[in-house]
There are 2 protein chains.
Amino acid sequence: MNFSKTTEYALKILSYMALDYNKLYSAEEIFKELKIPYRYLRKQLTILSKSDLIKSIQGKFGGYKLSKKLEDISLLDIIVASGDKQLSNNCFFGFNECAFQEKCSFHNKWEKVRTEINMVLSTTNLAELKSNGPHGHANSNLLLTKIN
Amino acid sequence: MNFSKTTEYALKILSYMALDYNKLYSAEEIFKELKIPYRYLRKQLTILSKSDLIKSIQGKFGGYKLSKKLEDISLLDIIVASGDKQLSNNCFFGFNECAFQEKCSFHNKWEKVRTEINMVLSTTNLAELKSNGPHGHANSNLLLTKIN
DNA sequence: TTTAAATAATACATTACGGTATCATTTAAT
DNA sequence: ATTAAATGATACCGTAATGTATTATTTAAA
Ligand code: SF4
Ligand code: SF4
């Protein structure tokens, strides 16, 4: 019950790129900031650039930039783009299909949880994280040290 | 963002065993009911029997039975016993340590979600699932077919 | 005491994920 | 054209999760 490492990386990357919407970020720069294993970062960036969240510019002085407005990229979008199986609609107990007409006692409880999670993840977008997210955060870096 | 296969199996197994508190269930019987890969099921049952949730009786006519009252086994207990990392208290974005004094904008939102999940999982126990869970479910098997 | 039916232990195989290495391609500057 | 600095493609490697196979041990019944 965790997000995959890959998804975690994607969340770090995109929330970092949100700091400057128009900037072209090189893999090198993202690596220096986030310390994600360089080769793996490179691989994931090319994968992500096939989604509609970021695009890559090849060649010298190339890099990656966001391809949508900050308000149009939610945390859920990032999770989905990173390939993580999101909390599925499947049976909590793992039954492939459930033929119960009246759902069992846990069904609705869990569906409520899933809905809540999806709500939180889909209503939080990069615009919000730009000013107050894990990176920007009101110039807190003037006062505090981020530990990676 | 999913439970492991192993945890899913544990949830199936324990909620099934809740149907008859005193019964000694053989691996064979659980296999026939739940269709969990037999060898893997066997392995997991011996692992689970080292937790305080179920115990094994060896020898002919042996098997497994619950070792605590139904009310004292929560879904969270099962998840923990199965070895799955529960949704951790770590930073949503994966920072090992966060030095922010004022938490970033997503911190509290996510903490609320985690709390909610833990609440639901720890307040649902096998007693509740016995009569109304995925297996028992008010004699629904007289009317419907469960599909595994 | 032997046998049968169960679990325990252990080793092996397969797959998915995370991570690394190498080479190819693109593009701007010279 | 050549070069340098970037990304793209691809193949490989290591580890953990999942699944399978084999042998050992336990225990009740005959
Ligand atoms: S009703 Fe219960 S068994 Fe059926 S899908 Fe929902 S949680 Fe699973
Ligand atoms: S404040 Fe933000 S960056 Fe810090 S631990 Fe919480 S979620 Fe992570």
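Sequence lines set the chain letters: A, B, ... in the order given, protein chains first and strands last, and positions in each chain run from 1. Side chains included, hydrogens not; waters and symmetry mates left out as well; all remaining heavy atoms used.
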Just the rounded figure in Å: distance from [atom2] of [N] to [atom1] of [X].
{"X": "K5(A)", "N": "dT20(C)", "atom1": "NZ", "atom2": "P", "answer": "13 Å"}
{"X": "F3(A)", "N": "dG18(C)", "atom1": "CZ", "atom2": "P", "answer": "13 Å"}
{"X": "F31(A)", "N": "dT7(D)", "atom1": "CZ", "atom2": "P", "answer": "13 Å"}
{"X": "Y38(B)", "N": "dA6(C)", "atom1": "OH", "atom2": "P", "answer": "8 Å"}
{"X": "I36(B)", "N": "dT18(D)", "atom1": "CD1", "atom2": "P", "answer": "13 Å"}
{"X": "I47(B)", "N": "dT7(C)", "atom1": "CD1", "atom2": "P", "answer": "15 Å"}
{"X": "D84(A)", "N": "dA16(C)", "atom1": "CG", "atom2": "P", "answer": "16 Å"}
{"X": "I57(B)", "N": "dA29(D)", "atom1": "CD1", "atom2": "C1'", "answer": "18 Å"}

(message) Rounded to the nearest 0.5 Å, what separates atom CE in M17(A) from atom CD in E29(A)?
(response)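 Interatomic distance, M17(A) CE to E29(A) CD, rounded to 0.5 Å: 9.5 Å.
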
(request) Measure the CD1-CZ distance between I13(B) and F31(B) for me, rounded to the nearest 0.5 Å. (result) 12.5 Å

Under 4.0 Å from OP1 or OP2 of [N]: is there any side-chain N or O of [X] that close?
{"X": "Y9(A)", "N": "dG19(C)", "answer": "yes"}
{"X": "S56(A)", "N": "dG8(D)", "answer": "yes"}
{"X": "S49(A)", "N": "dG8(D)", "answer": "yes"}
{"X": "Y40(A)", "N": "dC17(C)", "answer": "no"}
{"X": "T6(A)", "N": "dG18(C)", "answer": "yes"}

(message) Base, sugar-phosphate or nothing for Y64(B)? Non-hydrogen atoms, less than 4.0 Å.
(response)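 The residue Y64(B) makes sugar-phosphate contact but no base contact.
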
(message) Closer than 3.5 angstrom, by distance alone: can the side chain of D84(B) be matched with the main-chain N or O of S4(B) as a donor-acceptor pair?
(response)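 The answer is yes, because a donor-acceptor pair under 3.5 Å joins these two groups.
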
How would you list, by chain and number, every residue that makes a side-chain contact (heavy atoms from CB on, under 4.5 Å) with [X], sequence neighbours excluded?
{"X": "R39(A)", "result": "none"}
{"X": "E28(B)", "result": "S26(B), K32(B), Y38(B)"}
{"X": "K65(A)", "result": "N22(A), L24(A), K55(A)"}
{"X": "E8(B)", "result": "K5(B)"}

(request) Assign each of L41(A) and Q58(B) to its nearest nucleotide of DNA chain C by heavy atoms, then name whichever residue's nucleotide is nearer the 5' end. (result) Q58(B)

(message) Whether K12(A) engages the ring of F95(B) as a cation-pi pair (distance to the six-membered ring centre under 6.0 angstrom, angle to the ring normal within 45°) should be assessed.
(response) yes

(message) Can you confirm whether the side chains of S74(A) and D77(A) place a donor and an acceptor under 3.5 Å from each other?
(response) yes

Enumerate the protein-to-nucleotides 28-30 of chain C contacts in which both atoms are nitrogen or oxygen and the separation is below 3.5 Å.
none

(message) For K85(B) and P37(B), find the nucleotide of DNA chain D closest to each by heavy atoms; which residue's nucleotide sits nearer the 5' end?
(response)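 Counting from the 5' end, the first nearest nucleotide belongs to K85(B).
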
(request) Give the ring-plane orientation class for F92(B) versus W110(B), where under 30° counts as parallel, over 60° as perpendicular and anything between as tilted. (result)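 Taking W110(B) first and then F92(B), their aromatic rings stand perpendicular (interplane angle over 60°).
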
Dump every N/O contact between nucleotides 9-15 of chain D and the protein below 3.5 Å, one line per pair.
residue: dA9(D); atom: OP2; partner: K50(A); partner atom: NZ; Å: 2.8

